[in-house]
Amino acid sequence: LKEHKNGAILFERDGKTYIIDDPALVKQAQEAYSRVGELGKQQGELGAQQGKLGAQQGELGALQGELGAMQGQLGAMQGHFDMPDIHIEMPEGFNQAVQSFTDSTTRLALDQKLSDADRTRLEAEQKEARANFDKALADWKAQQPQREAMEKQIREQAEQIRKQMEPLVEKMRELGTKQGNLGRMQGELGRQQALLGIQQRDASREADRKMQSLIDQAMKDGKARPAQ
C-alpha cells in the first residue's frame, strides 16, 4: 500500500482480496473509526492516571506500614513505662522492728502489775525496739531519693515516648485521609473507564457497520477492485 499516499482499504470477500483507494471512501472509513481511536486514547489516558494513583496508593500503604510498626513499638514501650512494675522493698527487719516496738509499748501501757524487774526489762526492750525502729525508718528514708529518681526517669521516658508517638499518630491520620481520597479518585476513574468501555464497544460496532456498508456499496459501484 506504499503507492497509496492517501491510504487505502484492504479487505477480503469470497476468498479474494480487494482494495479501495478512492480518496472519498478512504476518508469516510477513517472518519468512521476516528471516534473509536479517540475513545481509545481517552481510555489510555485514564489507564495512565489509574496507574499513577495505584503507585501512590502503594507508596502510602508501604509508608503507613512502616509507621504502624514504629507506632506499635513505641506503644509497647509506653505501656511498659505507663505501668511500671516498681517494687519498693522495706529495709530488712523493718516490719519486725515496728511490731516489736508496738508490742513492748502496749505491754507497758496495759500491764500495771509488773514487778520492778519486769518493768525494767520491758523498758529496755522498748528502748531497743525503738532504736531498731528508728534505724529501719532512717534506712527506708535513705532510699527515698533513689525511688524518686527512678520514678522521675520512668515518667520522663514515658513522656518522651508520648511526644514521639504524637507526630506518628498524626501522620497515620494524614495517610489514612490521603488513601481515602486516592481510593475515591480511583473509584471515579474506574467509573469513567467503564463508561468509556461501553462507548468504545458501541462506537466500534457502529464503525464496523459503516465500514461494511461502505464496502458493499463500493463493490456495487465498482470502486473495489481485486488487489494485485
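Being a predicted model, the structure only gives us computed values, none of them experimental.
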As an exercise, state the distance from CD of Q50 to CD of Q186, rounded to the nearest 0.5 Å.
5.0 Å
CD-CE distance between Q153 and M150, expressed to the nearest 0.5 angstrom:
8.5 Å
Check Q42, R191, R201 against L196 for a side-chain contact (heavy atoms from CB on, under 4.5 Å) and give me the one that passes.
Q42
Any D221 side-chain heavy atom under 4.5 Å of D22 side chain
no
Show the nearest heavy-atom pair for residues I19 and F11, with the distance to one decimal.
N-CE2, 4.5 Å
How many angstroms lie between CD in Q43 and CD in Q200, if you round to the nearest 0.5 Å?
5.0 Å
Distance (rounded to the nearest 0.5 Å) between K16 NZ and R225 CZ:
15.5 Å
If you measure only the distance, is there a donor-acceptor pair under 3.5 Å linking the side chains of Q212 and D208?
no
Evaluate side chain to side chain contact (heavy atoms under 4.5 Å, CB included) for E188 paired with R184, printing each intermediate quantity in order.
CA-CA 6 Å; E188 176 59 23; R184 284 188 289 274; over 6 Å; no
Should T177 and E174 be marked as a side chain to side chain contact (heavy atoms under 4.5 Å, CB included) after you check the CA-CA gap, both sets of side-chain angles, and the distance that decides it?
CA-CA 5 Å; T177 300; E174 292 177 3; 5.7 Å; no
To the closest 0.5 Å, what do you measure between CD (Q28) and CE (M211)?
9.5 Å
For residues V36 and A207, report the shortest heavy-atom separation together with the two atoms involved.
CG2-CB, 4.1 Å
Considering non-hydrogen atoms only, spot the tightest contact between V26 and A8 and give its length.
CG2-CA, 3.9 Å
Using a cut-off of 6.0 Å, state whether more than 12 heavy atoms not belonging to Q146 lie near its atom CD.
no
Take atom CE of M185 as the centre, draw a 6.0 Å sphere, and report whether it contains more than 12 heavy atoms from other residues, nucleotides or ligands.
no
Side chain to side chain contact (heavy atoms under 4.5 Å, CB included) evaluation trace for L214 with Q217
CA-CA 5 Å; L214 183 150; Q217 190 62 44; 5.9 Å; no
Summary of salt bridge (charged side-chain N to carboxylate O under 4.0 Å, His left out) pairs that have at least one residue in residues 31-46, sequence neighbours excluded
R35-E38
Can Q57 and L53 be said to form a side chain to side chain contact (heavy atoms under 4.5 Å, CB included), step by step?
CA-CA 6 Å; Q57 190 77 275; L53 290 178; over 6 Å; no
Can you measure from CG (L39) to CG (L195) and round to the nearest 0.5 angstrom?
11.0 Å
